[in-house]
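First the proteins, then the strands, lettered A, B, ... as listed; each starts at 1. What you are looking at is a predicted structure, and each value in this text was computed from that prediction instead of being measured.
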Number of protein chains: 2
Amino acid sequence: MKIIVTGTGTIGAAVAAAAAQAGHDVVTVSRSAGDEQADLTDRASLDALFARIGPFDAVASCAGEVFPAPLAEATDEQWQQSIQSKGLGQINLVRSALPHINDGGSFTLVSGILGDEVTPAMSLGATVNGMVEGFVRSAATELPRGLRINCISPSVLAESTEYLPYFPGFAPVPAAEVALAYLRVISNPYTGRIVRLHRTD
Amino acid sequence: MKIIVTGTGTIGAAVAAAAAQAGHDVVTVSRSAGDEQADLTDRASLDALFARIGPFDAVASCAGEVFPAPLAEATDEQWQQSIQSKGLGQINLVRSALPHINDGGSFTLVSGILGDEVTPAMSLGATVNGMVEGFVRSAATELPRGLRINCISPSVLAESTEYLPYFPGFAPVPAAEVALAYLRVISNPYTGRIVRLHRTD
């Protein structure tokens, strides 16, 4: 399969490595690194990206930023940027890729543990994750041509040492395990699923 | 209680009537009608609104627009407007009201059946409802001073005859029943709850 991986952070790098190791053809995308450059918040740059790349089989979305600010302190700008980046940005990605993806292809987006579980500064993350998961569950019913869409919801990453203090008492998940979940939903007939890499009980 | 009701549509009118009948002091707000005017998408107009009104006990949010467009046809503008209005607009409302609401007061937002149930053109609604419900569940854990927040998720309204054709086979809910649910969560110690006025099984 030809798999487009957006985001060259910890998850994106792990997904690209796992997909390449499984024998897939990987194209990495980010704002300033990777094989191709594009900006999730700029619809025209996404349209141009997919027109350049040509046909492909899967999009693995591993990009998008959310500010970990407490509700009482978060600014209008932090709200707007979080929604436009990890929220609407991933929706833009799907909408721009739609005319170019092969029949039976798949989209895999990313949400996260915030919203399912409780931390002291979670409202931006919970809001944006709710947005992404709501989109995935509904888009799965609207996609044409046998296309599929799923969402990976990781716990805090074991590798993200700067975020671990925000998740006291949470079991971190290694990025390689998150990458496996991406490969699992890309390679099997999952659709409309939120795959949680954390305990919710 | 002094209750601020935003939105003078079918739900807003029913909530305002039910709250007044229960003996509460009601202030109605909309863009161009009601006792006070404000725009959900304009943070400054919301800040000015709550500074004008003075202390109050509850905000019942009954406003916000989402386009019922199929995923393949929805435009960038329809996405952006839906997210900024019913999504971030209701979050703005809470953030602007926060410094003015009395201790122990409550916020009640509105989502909807799309996202829980399946219709042919649901992705914008499901995305925005997911955003609002994600916010409500998380904000409930972050609000200070005994403040509470809940969300009402109505089925299509019996009175909204123009929307009924988009919900074939769905049982509509009368606006008066939705208004009761608002009064219920305002008047009892509910918090972080999504109250669904539709069957999800």
Q: With rounding to the nearest 0.5 Å, note down the distance linking CD in A:E142 to OG1 in B:T119.
A: 7.5 Å
Q | Contact origin within B:I91 toward chain A - heavy atom pairs under 4.5 Å | A | side chain
Q) If you check every heavy atom in residues 59-87 of chain B against those of chain A, which residues fall under 4.5 Å? A) B:P70, B:L71, B:A74, B:T75, B:D76, B:W79, B:Q80, B:I83, B:Q84
Q.
Counting only heavy atoms from other residues, nucleotides and ligands, does the tally under 6.0 Å from CZ of B:F56 exceed 12?
A. yes
**Q.** Heavy-atom contact with chain A under 4.5 Å, split by part of B:P120
**A.** backbone
Q: Among A:S138, A:A121, A:A139, A:A140, single out the residue with the greatest number of heavy-atom pairs under 4.5 Å to chain B.
A: A:S138
Q: Find the one option among B:R43, B:R137, B:R95 whose heavy-atom pairs under 4.5 Å with chain A are most numerous.
A: B:R95
Q. Considering heavy atoms only, which positions within residues 169-185 of chain A lie below 4.5 Å of chain B?
A. none
